[in-house]
There are 2 protein chains.
Amino acid sequence: MTEIELTDVSAACATSLVGEPLTEEAAAELAHTMKALADPARLRLLSIVAASAGGEACVCDLTEPVGLSQPTVSHHLKVLTDAGFLSRAKRGTLAYYALVPGALDRVSRALGTA
Amino acid sequence: MTEIELTDVSAACATSLVGEPLTEEAAAELAHTMKALADPARLRLLSIVAASAGGEACVCDLTEPVGLSQPTVSHHLKVLTDAGFLSRAKRGTLAYYALVPGALDRVSRALGTA
DNA sequence: TCATGACATCGACAGTAGTCGATATTGACA
DNA sequence: TGTCAATATCGACTACTGTCGATGTCATGA
């Protein structure tokens, strides 16, 4: 595995897809970022977090809606956090996840021509 | 695998990610669409096609730039075509691929809040 | 009609990713 | 300190995916 450790959203979306041919590196970074979004469970987690009161939710709030085990939900949240889409705030024994403002918009702009 | 045969862009991007929680079906469709984009070779193919003269390119033009075998390139082009991002026009013995107008924009809008 | 060139499909293989149960970790609290 | 509850990590398994070489298909042109 060729580790791309800190591939987060801001790094991956510097250039636009349709402007000029992507370099190999730019394509790898953007693909890595999009892979984080290319999973139904993670998309649902993002949308549930976004729709939660206060814009944040803890793992225990998310397990039941998506119908997956707690380790699996934790795994998906880690993927989204590493990709820069979610932030994690631990308060007491609970871990609250929230959307990182602008992260989705950056990916959006990397794709769209408009 | 629960086949989603005709998952193309237009079906997958009806709702926005951050508006309200995605249904299981909407999440599956959008994830399927995004999976088509979540690969460095396919992103490069898209960008090369977009930047080609006349907005289209044949397989023989694409094999060398991405450094992959002809069958592999053909496979990626099929994935992108099935997902609704590329159109295929066969003229003589050559197959010309072109961006489907608005396809990327639809995904872009499904992600962004703006 | 036959050979050739462009592309698609097939079959196989290796690497990757989603999932879970079991377990470790961490903080709260009695 | 010991217990409990919430999360994270680990190990394993299965399924999927990217890749290739071999082969099939089809249109062109001699």
Side-chain angles (χ1 to χ4, degrees), chain A residues 1-5 7 24 27-28 30-46 48-49 52 56-83 86-98, chain B residues 1-5 7 24 27-28 30-46 48-49 52 56-83 86-98:
Chain A
M1 204 194 335
T2 53
E3 271 305 336
I4 304 183
E5 254 331 317
T7 303
E24 198 169 340
L30 183 53
H32 190 264
T33 298
M34 306 241 353
K35 256 185 226 293
L37 296 178
D39 180 275
R42 289 198 284 269
L43 289 174
R44 295 192 74 194
L45 287 171
L46 276 182
I48 294 172
V49 167
S52 294
E56 59 180 12
C58 61
V59 180
C60 57
D61 293 333
L62 298 169
T63 300
E64 182 269 333
V66 295
L68 293 171
S69 71
Q70 175 266 318
T72 300
V73 171
S74 246
H75 164 70
H76 285 311
L77 292 172
K78 177 174 171 47
V79 172
L80 288 168
T81 303
D82 288 349
L86 289 180
S87 63
R88 196 181 92 114
K90 189 145 194 178
R91 291 202 293 275
T93 161
L94 278 65
Y96 290 92
Y97 287 86
Chain B
M1 224 222 294
T2 53
E3 271 307 335
I4 301 181
E5 255 330 318
T7 303
E24 198 168 341
L30 184 52
H32 190 263
T33 299
M34 307 246 346
K35 258 185 225 294
L37 296 178
D39 180 274
R42 290 197 285 269
L43 288 174
R44 295 193 76 193
L45 288 171
L46 277 182
I48 293 171
V49 168
S52 295
E56 60 180 10
C58 62
V59 180
C60 55
D61 292 332
L62 298 168
T63 300
E64 181 269 333
V66 297
L68 293 172
S69 72
Q70 175 267 318
T72 301
V73 171
S74 248
H75 163 70
H76 286 312
L77 292 171
K78 177 173 170 47
V79 172
L80 288 168
T81 303
D82 288 349
L86 288 180
S87 63
R88 195 181 93 114
K90 188 145 194 177
R91 291 201 293 276
T93 161
L94 278 64
Y96 290 91
Y97 287 86

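A quick note: this is a predicted structure, and the numbers were derived from the prediction, not measured. Chain letters run A, B, ... following the sequence lines, proteins first and then strands; every chain starts at 1.
B:L80 places its CG atom 12 Å from the P atom of C:dA8, with the value rounded to the nearest Å. Rounded to an integer number of Å, the gap from NZ of A:K78 to C1' of C:dC20 is 18 Å. Rounded to whole Å, the distance from OH on A:Y96 to C1' on C:dT26 is 16 Å. In this entry the distance linking NE2 of B:H32 with P of D:dC16 reads 12 Å, nearest Å. In this entry the distance linking CG of A:L86 with C1' of D:dT7 reads 15 Å, nearest Å. Taking atom CG of A:D82 as the reference point, atom P of D:dA8 lies 11 Å away to the nearest angstrom. A:E56 places its CD atom 12 Å from the P atom of D:dT7, with the value rounded to the nearest Å. Rounded to an integer number of Å, the gap from CG of A:L77 to C1' of C:dT19 is 15 Å.
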Contacts under 3.5 angstrom, residues 35-44 of chain A side chains, donor-acceptor by atom type, not counting sequence neighbours:
unit_1 : atom_1 : unit_2 : atom_2 : d
A:K35  : NZ     : B:A38  : O      : 2.9
A:D39  : OD1    : A:A41  : N      : 2.9
A:D39  : OD1    : A:R42  : N      : 3.1
A:R42  : NE     : A:A36  : O      : 2.7
A:R42  : NH1    : A:H76  : ND1    : 3.1
A:R42  : NH2    : A:K35  : O      : 3.1
A:R44  : NE     : B:L22  : O      : 3.4

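A heavy atom lying under 4.0 Å from DNA chain C marks the following residues of residues 88-95 of chain B, by number: B:R88, B:T93, B:L94, B:A95. Listed by residue number, the members of residues 65-73 of chain A with any heavy atom below 4.0 angstrom from DNA chain C are A:L68, A:S69, A:P71, A:T72.
Considering CG of B:L62 and OG of B:S74, their distance stands at 9.5 Å, rounded to 0.5 Å. Note that NZ of B:K90 and SG of B:C58 are 11.5 Å apart. Values are rounded to the nearest 0.5 Å. Taken from SG in B:C60 to CG in B:L94, the straight-line distance is 5.0 Å, to the nearest 0.5 Å. Distance check, rounded to the nearest 0.5 Å: OH of A:Y97 to CG of A:L77 gives 5.0 Å.
No donor-acceptor pair under 3.5 Å is formed between the side chain of A:T72 and the backbone N or O of A:L68.
Mapping A:D61 and B:A38 onto DNA chain D by nearest heavy atom places A:D61 closer to the 5' end of the strand.
Residues B:V59 and B:Q70 share a closest heavy-atom pair of CG1-CG, 4.3 Å. Among all heavy-atom pairs drawn from A:L86 and A:V49, the shortest one is CD2-CG1, 4.2 Å.
B:H75 comes within 4.0 angstrom of a nucleotide base, judged by non-hydrogen atoms across all strands.
With C:dG18, D:dT19, D:dT7 as the choices, the nucleotide that has an atom nearest any side-chain atom of B:H76 turns out to be D:dT19. When the nucleotides D:dA8, C:dA8, C:dG18 are ranked by their closest atom to the side chain of B:Y97, C:dA8 comes out on top.
A cation-pi arrangement, defined by a distance under 6.0 Å to the six-membered ring centre and an angle within 45 degrees of its axis, is absent between A:R88 and A:Y96.
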